[in-house]
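This report concerns only the one structure given below.
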Amino acid sequence: MYIGTLESASMFNPARFMRHFLFTACLLVLARQAPAHDASPARIRASVVPGSCPVPQWPRTSMRIEDIGPTHIAFVIAPDGRVLKAMVEHSAGHRLWDEAALKALSMCRFLPGRRGAKPVQDIVKIQHV
């Protein structure tokens, strides 16, 4: 009777033994190469504090509202939540409208990004319609 040990030479199958041996060896090699856990701490992106943004003071121009598109603005947020830099990534179609949106949205309050428990510098992109 075969119970996991080689009791008799007549029951020993070299091909079967090698398959099991190689399969086990491959599993052990893969287990050593795979990381036990993700070493990088969780990342939380920076975000706007809801209700903290003032309403932009739109310029009085002779342009029709239909000609104005959304403004895409990118903010670099410091680890303390301050705006370090703001830039228009995509214009609304009129420089004065872009500047008004940029000025107002730069006064928003931001929650800084986090890596684990540590605040880090991050980028926030906002589309203003």
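For the numbers below, each heavy atom of this structure counts, side chains included, while hydrogens, waters and symmetry mates do not.
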Checklist entry - Rounded to the nearest 0.5 Å, how far does CG of L105 lie from CD1 of I73? => result 4.5 Å
Checklist entry - Parallel under 30°, tilted from 30 to 60°, perpendicular over 60°: which one fits the rings of F110 and F75? => result tilted
Checklist entry - With hydrophobic residues grouped by side-chain heavy-atom distances under 4.5 Å, do M107 and V49 end up in a single group? => result no
Next on the checklist: Looking at R43, I'd like to know if its CZ atom is crowded, meaning that more than 12 non-hydrogen atoms belonging to other residues, nucleotides or ligands lie closer than 6.0 Å.
Outcome noted: yes
Checklist outcome for this item: Closest heavy-atom pair, P79 versus P119, reported as atoms and distance to 0.1 Å, is O-CB, 3.3 Å
Next on the checklist: For a quick test of reading the model, state the closest non-hydrogen atom pair linking G81 to P112 and the distance between them.
Outcome noted: N-CB, 4.1 Å
Checklist entry - Which residue pairs pass the salt bridge (Lys or Arg N to Asp or Glu O under 4.0 Å) test with at least one member in residues 92-103, sequence neighbours excluded? => result R95-E99
Checklist entry - NE2/H72 to CD/E89 distance, rounded to the nearest 0.5 angstrom? => result 9.0 Å
Checklist entry - What is the minimum heavy-atom distance between C108 and P54, and which atoms define it? => result N-CD, 4.4 Å
Checklist entry - So, the side chain of R115 versus the backbone of K118: is there a donor-acceptor pair under 3.5 Å, distance only? => result no
Checklist outcome for this item: Residues A100 and Q57: closest non-hydrogen pair is CB-O, 3.6 Å
Next on the checklist: Looking at every heavy atom in both Q121 and L84, which two are closest together, and how far apart are they?
Outcome noted: OE1-CD1, 3.5 Å
Checklist entry - Under 4.5 Å between any side-chain heavy atoms of V124 and R45, yes or no? => result no
Checklist entry - Hey, any chance I126 and W97 share a hydrophobic cluster, counting ILVMFWY side chains that come within less than 4.5 Å of each other, even indirectly? => result no
Checklist entry - With side chains defined as the heavy atoms from C-beta onward, is the minimum distance between V83 and I77 less than 4.5 Å? => result yes
Checklist entry - What is the minimum heavy-atom distance between S106 and A86, and which atoms define it? => result OG-CB, 3.6 Å
